[in-house]
There are 2 protein chains.
Amino acid sequence: MPSVPTALPSRDYAGQSAEQRRADRRERLMQAGLELFGTEGYPATSIEKLCARASVSTRNFYQEFPGREDLLLALHSRITGQAFEAASSALAELDDRSLAERIRGTVRAYISTTSSDPRWARIAYVEVVGVSPAVEQHRMGWRSKASELVTAVAARAVERGEARPRDFSLTAVAFIGAVNELVHEWSLGGRKVPIEDVCAELTRVGVALLTVD
Amino acid sequence: MPSVPTALPSRDYAGQSAEQRRADRRERLMQAGLELFGTEGYPATSIEKLCARASVSTRNFYQEFPGREDLLLALHSRITGQAFEAASSALAELDDRSLAERIRGTVRAYISTTSSDPRWARIAYVEVVGVSPAVEQHRMGWRSKASELVTAVAARAVERGEARPRDFSLTAVAFIGAVNELVHEWSLGGRKVPIEDVCAELTRVGVALLTVD
DNA sequence: CAAAAGTGGTAATCGACCTTGTCGGTTTCG
DNA sequence: CGAAACCGACAAGGTCGATTACCACTTTTG
């Protein structure tokens, strides 16, 4: 009875372990997705183009991702996750400041992350919309998290007497829409005004939404 | 020398003129597009499916539209045009009312049009995003028109002393984003609250944006 | 009533893309 | 140094959708 090799064998090649080279290829595919999804658009980007740009064989593509859609999802998670993290930590550090300063700092962190690269902005605001039910669900999940963040800011403002208590759920969605549309317009439209103007405008919007009425 | 028939020949078939039957087929294709784009989504809808649903042959499809994208564009123009018209005429009729009433009436007209049918909302807010450069340009054109409408409201408010004069271009984009995101969330999410709540929220947003600062 | 003119549906062609199997080259181990 | 294992590139199979060519049918006209 021959011994059955249950564990997958793995050797080093070119001085790198199998995991290292897998991670390498995955990262190159992510970069290719960033470039192609972010400039040519998701529908115009085939798996072959992605692999050519990343210098990865199509065979290896399927070793890393079940399909093209999953690469888009991974990119979107990375972008949105970083933006969310930046916004959250900015907010945490500004807890003792005024409402306007808290909003300005949080918005600035979010904006400078998502629009630090025009391709990020395009993927986050355009290419990820209306792709498939799975992607839509993913997007809704992130929007819901953002909505919770805004609601938390509102609750804190009520605690500190900067806003009157009421249901902020609709307001939060409206504010998210305002942020996204304005950043999208600004980023994809050539960034004709300084980023501080956009921050100032969104701060005005946020403060107005929380304090009026 | 034979006479050259410069005018296109056209006979009646089934008691209808060529134009009538063309218009008929075109309208049936528009309805099929509304149904399929609005429920299955644009990427999942092939020309064959459209033709089957509309009882139109693929040959006649190309007689009416250069391609699938142009049907989407025609639908989007119809939806957005109607919404825009409803909003504009509502605004015109409310010129002597207070700022809040003008905003509420205009927003209500816009919302009740775009979300009178969930498929309209989905096409207007989701399926039309990120399809191709041509569609994106089309979308930007409509957004720019909407922005002008909001700016006009702001200018009128300044005239009447309801708002302080400043540059409202960024504010207009932010407001449009707020409207779209909230209506989208509300319409696609099951409409769990009455439409008047959405109108009230967006009125609050509009008034706040124009009067604060 | 027969032939011509025009119309609309069917089906074939064409190409693109996704997916997987195979092969040659390379590296490590005995 | 030889053999075996392993990796990655190439390419073929298969599916699906877009586009167009052809033909059968309908209506009119002489």
Side-chain angles (χ1 to χ4, degrees), chain A residues 2-29 32-33 36-37 40-73 131-132 134-135, chain B residues 2-29 32-33 36-37 40-73 131-132 134-135:
Chain A
S3 71
V4 180
T6 54
L8 302 174
S10 173
R11 278 187 191 166
D12 281 18
Y13 269 78
Q16 294 203 330
S17 75
E19 284 82 12
Q20 278 178 316
R21 296 192 307 124
R22 271 191 61 139
D24 243 35
R25 280 179 305 208
R26 193 184 176 87
E27 185 55 32
R28 268 182 294 160
L29 283 171
L36 293 176
F37 293 159
E40 316 236 324
Y42 179 77
T45 301
S46 67
I47 292 183
E48 290 180 11
K49 284 185 189 172
L50 286 167
C51 291
R53 161 76 61 150
S55 299
V56 164
S57 73
T58 56
R59 171 122 199 149
N60 287 336
F61 179 92
Y62 289 99
Q63 237 167 21
E64 298 306 318
F65 300 98
R68 189 169 56 119
E69 187 175 299
D70 302 87
L71 174 54
L72 179 67
L73 247 51
V131 169
S132 77
V135 179
Chain B
S3 69
V4 180
T6 53
L8 301 175
S10 174
R11 280 187 190 165
D12 281 19
Y13 268 77
Q16 293 204 329
S17 76
E19 284 82 13
Q20 279 177 315
R21 287 179 302 122
R22 275 192 56 142
D24 243 37
R25 281 185 303 236
R26 191 183 178 88
E27 184 54 34
R28 266 182 297 162
L29 283 171
L36 294 176
F37 293 159
E40 316 238 322
Y42 178 77
T45 301
S46 68
I47 291 183
E48 288 180 13
K49 284 185 189 172
L50 286 167
C51 290
R53 160 77 60 152
S55 299
V56 164
S57 73
T58 57
R59 179 190 185 97
N60 287 335
F61 179 92
Y62 289 100
Q63 237 167 20
E64 297 305 318
F65 300 98
R68 190 169 57 118
E69 186 176 300
D70 301 270
L71 174 55
L72 180 67
L73 247 50
V131 169
S132 78
V135 179

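Owing to the predicted nature of the structure, the values given are computational and were not obtained by experimental measurement. Lettering follows sequence order; numbering is per chain, from 1.
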Euclidean distance, atom CZ of residue B/Phe65 to atom C1' of D/dT20 [Å, nearest integer]: 19 Å
Atom pair distance, as rounded to whole Å: CD in A/Glu64 and P in D/dC7: 12 Å
Under 3.5 Å donor-acceptor pair, B/Thr58 side-chain atoms to D/dT19 base atoms: no
Whole-Å gap separating C1' (D/dG14) and CD1 (A/Ile47): 15 Å
Of the listed nucleotides D/dT20, C/dG8, C/dT22, the one nearest the side chain of A/Arg59: C/dT22
Whole angstrom value for the distance that separates P of C/dT27 from CD of A/Gln20: 16 Å
Euclidean distance, atom CG of residue A/Asp24 to atom C1' of D/dC7 [Å, nearest integer]: 14 Å
Close side-chain approach of A/Phe65 and A/Leu73, heavy atoms under 4.5 Å: no
Other residues, nucleotides, ligands: >12 heavy atoms within 6.0 Å of B/Arg68 CZ: yes
side-chain N/O B/Arg25 vs C/dG8 OP1/OP2, d < 4.0 Å: yes
Phosphate contact (C/dC17 OP1 or OP2) by A/Arg68 side-chain N/O below 4.0 Å: no
Straight-line distance of A/Asp24 CG to A/Arg22 CZ, nearest 0.5 Å: 12.5 Å
Residue-phosphate contact under 4.0 Å: B/Ser57 side-chain N/O, C/dG9 OP1/OP2: yes
Whole-Å distance separating the OH atom of B/Tyr42 from the P atom of D/dG17: 14 Å
B/Gln63 side, atom CD; B/Ser57 side, atom OG - distance, nearest 0.5 Å: 8.0 Å
Short side-chain N/O contact from A/Asn60 to OP1 or OP2 of D/dC7, under 4.0 Å: no
Nearest-0.5 Å distance, CZ of residue B/Arg28 to CZ of residue B/Arg26: 13.5 Å
Atom pair distance, as rounded to whole Å: CG in B/Leu71 and P in D/dA18: 12 Å
Nucleotide D/dA9, atom C1' - distance to CD of A/Gln63 in whole Å: 13 Å
